[in-house]
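Per chain, numbering begins at 1; letters A, B, ... match sequence-line order.
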Protein chains: 2
Amino acid sequence: MKVSERKRIDIPGLADGVFPAQCPSRTLLDHVTSKWGVLVLLALGIDTMRWSELRRCIEGISEKMLAQTLKTLEADGLVRRVAQPVVPPHVEYNLTAEGRELHDRLRPLMEWVAANADRIIEG
Amino acid sequence: MKVSERKRIDIPGLADGVFPAQCPSRTLLDHVTSKWGVLVLLALGIDTMRWSELRRCIEGISEKMLAQTLKTLEADGLVRRVAQPVVPPHVEYNLTAEGRELHDRLRPLMEWVAANADRIIEG
DNA sequence: CCGCATCCCTCCCGATACTG
DNA sequence: CAGTATCGGGAGGGATGCGG
């Protein structure tokens with residue numbers, strides 16, 4: 001067995017789809033783990049929210065990045081945009097079924113991070 | 001109740017430590033969900049690896065980013081660097097107990113991403 | 001209230017070359 | 001083998017202003 005093959009990634013249940021450079025997993029992974037993507041998914045997992053609520057809730061996000069993030073996640077079918085044709089506009093965002101599946105798997109991670117951050121980062 | 005307070009984040013089990021802008025959670029979150037951080041943690045969760053094995057295994061990572069990522073994760077106490085004073089140098093990387101805890105929570109997420117990426121990203 | 005467009009700048013990251 | 005040093009391009013992201 002050659003050295004280059006010794007540590008080939010072959011994870012049971014993770015059918016070598018994460019590491020190859022040009023695979024969809026990398027793209028989706030980048031969207032989901034993007035700086036703001038995680039926080040948006042986490043926020044919407046708690047409750048349906050309006051644009052301005054998201055802005056307040058996710059402290060530090062700019063309008064540009066909120067728009068960009070929402071658009072990406074919507075295109076990925078993880079977030080649903082519900083617009084009501086009234087004046088002034090009333091738009092809500094919530095998770096699709098797939099977005100919720102993702103949220104459920106993101107949640108334990110976030111809880112661990114929240115619980116351990118103080119100790120790890122110069123608490 | 002003012003509008004600005006309506007959707008205050010108060011997640012049971014996630015003691016509002018993720019959303020505030022200047023909190024350690026954000027920092028740790030950025031490290032963990034960084035483009036290469038996830039992949040390094042995932043790879044080391046499978047097995048101890050040497051530098052060159054990581055380079056091959058995480059397709060597309062540059063030496064600079066591998067060094068930077070490993071250094072950050074090591075400083076966070078998630079990755080352990082084991083160097084043996086021989087010539088040529090022999091260095092191995094593996095997860096600390098905390099790194100493994102994190103890996104265990106990262107794993108379901110990665111498996112879901114791997115399983116659903118094709119369908120979501122222009123499958 | 002909910003966005004889109006534009007400018008502009010920082011700093012992330014890749015490429016390359018070099019060392020112990 | 002296991003890194004460090006340096007440089008430069010380009011994307012990420014903030015600020016501002018406009019439109020429906």
Phosphate OP1/OP2 of C:dG3 contacted by A:Lys71 side-chain N/O (<4.0 Å): no
With sequence neighbours left out, the residues meeting side-chain contact (heavy atoms from CB on, under 4.5 Å) with A:Ala83 are A:Arg81, A:Val91
Does any residue of residues 78-92 of chain B have a heavy atom under 4.0 Å from DNA chain C, and if so, which ones, in number order? B:Pro89
Outermost nucleotides of DNA chain D that come under 4.0 Å of a non-hydrogen atom of chain B: D:dC1 to D:dC7
So, using salt bridge (charged side-chain N to carboxylate O under 4.0 Å, His left out) as the criterion, who are the partners of A:Glu98 when residues are at least two apart? B:Arg119
Using modelled atom types only, decide if a donor and an acceptor are shared between the side chain of B:Arg80 and the backbone of B:Asn94 within a distance under 3.5 Å. no
Using atom types as modelled and distance alone, determine if a side-chain donor or acceptor of B:Thr69 lies under 3.5 Å from a backbone N or O of B:Trp36. no
Please write out the pairs of protein N or O atoms and N or O atoms of nucleotides 14-18 of chain C separated by less than 3.5 Å, giving the distance to one decimal.
| unit_1 | atom_1 | unit_2 | atom_2 | d |
| --- | --- | --- | --- | --- |
| C:dG14 | OP2 | B:Ser62 | OG | 3.2 |
| C:dG14 | O6 | B:Lys64 | NZ | 2.5 |

Only distances under 3.5 Å count here; give the side-chain donor-acceptor pairs of residues 59-68 of chain B to other protein atoms, sequence neighbours excluded, each with its distance to 0.1 Å.
| unit_1 | atom_1 | unit_2 | atom_2 | d |
| --- | --- | --- | --- | --- |
| B:Glu59 | OE2 | A:Ala21 | N | 3.3 |
| B:Ser62 | OG | B:Met65 | N | 3.2 |
| B:Glu63 | OE2 | B:Arg55 | NH1 | 3.3 |

Between C:dG3 (P) and A:Arg55 (CZ): distance, integer Å: 12 Å
Hits for side-chain contact (heavy atoms from CB on, under 4.5 Å) against A:Asp104, two or more places apart or cross-chain, chain-then-number order -> A:Arg100
A:Arg50 side-chain N/O to C:dC1 phosphate OP1/OP2 under 4.0 Å: no
Just how large is the angle between the end axes of the helix from C:dC1-D:dG20 to C:dG20-D:dC1, five pairs per end, to 10 degrees? 50°
Residue list, side-chain contact (heavy atoms from CB on, under 4.5 Å) with A:Thr72, at least two apart or on another chain: A:His31, A:Asp76
Hey, are the side chains of B:Tyr93 and B:Leu54 touching, using non-hydrogen atoms and a 4.5 Å cut-off? yes
C:dC1 P sits how many Å from A:Leu70 CG, rounded? 17 Å
Any chance you could lay out the side chain to side chain contact (heavy atoms under 4.5 Å, CB included) test for B:Leu42 and B:Leu106, step after step, and finish with the verdict? CA-CA 8 Å; B:Leu42 186 58; B:Leu106 218 40; 5.7 Å; no
Separation of C:dG3 atom C1' from A:Leu66 atom CG, nearest Å, is 10 Å
Looking at every heavy atom in both A:Ile46 and A:His103, which two are closest together, and how far apart are they? N-CE1, 4.4 Å
If the condition is salt bridge (charged side-chain N to carboxylate O under 4.0 Å, His left out), which residues does A:Asp30 pass it with, not counting sequence neighbours? B:Lys35
Please evaluate residues A:Val40 and A:Ile58 with respect to the criterion side chain to side chain contact (heavy atoms under 4.5 Å, CB included), reporting the C-alpha separation (whole Å), side-chain torsions for both, the decisive distance (0.1 Å), and the verdict. CA-CA 7 Å; A:Val40 167; A:Ile58 305 176; 3.6 Å; yes
Given B:His90 and B:Arg50, is the side chain to side chain contact (heavy atoms under 4.5 Å, CB included) satisfied, shown in steps? CA-CA 8 Å; B:His90 186 96; B:Arg50 304 186 57 175; 3.1 Å; yes
